[in-house]
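Only a predicted model underlies this, so the values are computations on that prediction, with no experimental measurement involved. Order of the sequence lines fixes the chain letters, A, B, ..., with proteins taken first and strands second; residue numbering starts at 1 for each chain.
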Amino acid sequence: MEDILQKQFFSAELLQWYGRSKRDLPWRRNKNPYYIWVSEIMLQQTRVDTVIPYFHRFIEKFPTVAALSHAPEEEVLKAWEGLGYYSRARNLQSAVREVHEQYNGIVPSAKADISALKGVGPYTAGAILSIAYNQPEPAVDGNVMRVLSRYFLLEEDIAKASTRISIERLAQELIPAGEAGDFNQALMELGATVCTPRAPQCLTCPVLEHCAGRLAGRAEELPLKTKAKPPRPERRAVALVEGSGAHAGRLLIRQRPQDGLLARMWELPHAELPLAAAAGEGAAAPARGTRRRSGRASAPEESHDAVMTFLQERLAAADGIGIVPMEWIMNAEHAFSHIHWDMLVYRCRYAAVSNLMLPPNYRWLDLAEMEQYAFPNVFLRIISDYKLMYTTD
DNA sequence: AATACGGGGTT
DNA sequence: AACCCAGTATT
């Protein structure tokens, strides 16, 4: 089939299919550029079903550019809690403030302007320009690269930046006149619902008959992509420090540094442990998953003693915090894309602080006041399991 | 070009 | 357990 005809068929059929198959998503109810922007940032590396409840809460809390501009950063971070990639939230607020101040609150429609905003890369710029302003800009994400790799049987490695550029060029050619927003969304929608990474539903695909990957019997092996490196393992000892006296019923928490992993999020105090020896049972070899104390036989008390001493010393040395670990209560693990945490959690007693004052990044947390602090999911799980243990035991 | 940066769903 | 996702910023 002629190259040109294959492209025209694709664009026309895909657009028609979208017209009858598109999902009713909260950010599709109007073309408010601020809504589109918020949704696109949330959707970076995140599935639609995960985003929907966050989007509703976020827009309710910060309905306009002005509202988000004036919000305290902690509230924005709290609204993002559990969504991951927290720099997205900080960059979004920073960029929204820029729009508030430099563009009179109007999301810019010039490519150079919008691309200059923090957190707005080539995909997001194209998505906002096409969806909110119907400009003929490509919006190439993982879905689009997969769909086009299959339909046109492209064998470039989609992990390479050069491939994204060439697919952007192709995607732009395919945009039907005046239909940029719907076409770009159609492309992503097809990738998310039909042309899925594995087990694609080719038989229901609107462009099946001219899909080169399918015709070659190679749809499932596309796109080509070099594998990511496996995450590096880390072991951490976590202190669940119970307050007493004036702080009875509270837990000791601390805020992470301004930059880097989980920047400015709150967490339980913890310390990195040396990696266990590969062979044999190292000290307190981590078990899999989060488990309650009663759910399994404890690891030998011996090894936990060593870890507890280590934890006590590390927190004293690093933060000047005096705690006394009393018993192992659970293991937890958490997988980031680049790090894997195996965590040993210990119930601790608060002893003292060297100078009687808590360091500035520490707080006593009332379990009823969790809404004031944004925690990464791994610590929410640990705290939740802890509460369960002490209300049912 | 490679790495940092979360978290969860699917197979 | 592997794979991958409506990516961007930094180095």
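The separation of B/dG6 from C/dC4, taken at their C1' atoms, amounts to 14 Å, rounded to a whole angstrom. Atom P of C/dA6 sits at a distance of 13 Å from the matching atom of B/dT11, rounded to the whole Å.
To the nearest angstrom, C1' of B/dG6 lies 8 Å from CG of A/L261. Rounded to an integer number of Å, the gap from A/Q45 CD to B/dC5 C1' is 10 Å. The separation between A/Y86 atom OH and B/dG8 atom P is 8 Å, rounded to whole Å. For the pair A/I165 CD1 and B/dA1 C1', the interatomic distance rounds to 13 Å; values are reported in whole Å. Distance, A/R256 CZ to B/dG6 P: 8 Å, rounded to whole Å. Rounding to whole angstrom units, CZ of residue A/R47 and C1' of B/dT10 are separated by 7 Å.
Between A/Y86 and A/R264, the closest side-chain pair of non-hydrogen atoms is not below 4.5 Å.
At the phosphate of B/dC5, OP1 or OP2 sits under 4.0 Å from a side-chain N or O atom of A/H338. Phosphate proximity of B/dG8 to A/N377: present, with a side-chain N or O under 4.0 Å from OP1 or OP2. Look at A/Y85 and you won't find any side-chain N or O under 4.0 angstrom from OP1 or OP2 of B/dA4.
The residue among A/A335 and A/T196 whose nearest nucleotide of DNA chain B is located toward the 5' end is A/A335. The 5' end of DNA chain C is approached more closely, in terms of each residue's nearest nucleotide, by A/R198 than by the other of A/G119 and A/R198.
At the heavy-atom level, A/L25 lies under 4.0 Å from base atoms of the strands shown. A/V120 comes within contact range of the sugar-phosphate backbone alone, with a heavy-atom separation under 4.0 Å but no base atom that close. Nucleic acid contact class of A/T46 (heavy atoms, under 4.0 Å, all strands): base. Nucleic acid contact for A/N143: base, since at least one base atom lies under 4.0 Å from a heavy atom of the residue. In this structure, A/R146 reaches the sugar-phosphate backbone alone: every heavy-atom distance under 4.0 Å involves primed, P, OP1 or OP2 atoms, never a base. Here A/T50 lies out of heavy-atom contact (under 4.0 Å) with every strand. Using a 4.0 Å heavy-atom distance criterion, A/I41 is classed as making no nucleic acid contact. Within the 4.0 angstrom heavy-atom criterion, no nucleotide atom of any strand lies near A/R264. A/G260 comes within 4.0 angstrom of sugar-phosphate atoms only, judged by non-hydrogen atoms across all strands, and of no base.
Contacts between residues 224-233 of chain A and DNA chain C, defined by a heavy-atom separation below 4.0 Å, involve A/K225, A/K227, listed by number.
The main-chain N or O of A/Y151 is found under 3.5 Å from a side-chain atom of A/Q6 such that the two form a donor-acceptor pair.
Ring centroids of A/H340 and A/H334 are separated by 6.0 Å or more, keeping the two rings apart. Ring-centre distance between A/F379 and A/H270: below the 6.0 Å cut-off. Taking the six-membered ring for Trp, A/W27 and A/H56 have ring centres at least 6.0 Å apart.
Proximity note for A/Y123 (side chain, C-beta onward) versus B/dG9, B/dA4, C/dA6: the nearest is C/dA6. Listed nucleotides C/dA2, C/dA6, B/dC5 differ in distance to A/D141; the shortest reach to its side chain belongs to C/dA6. Closest approach to the A/P197 side chain among C/dC4, C/dA6, C/dT8 is made by C/dC4 (side chain taken as heavy atoms from C-beta onward). Comparing C/dA6, C/dG7, B/dG7 against the side chain of A/F336 picks out B/dG7 as the nearest.
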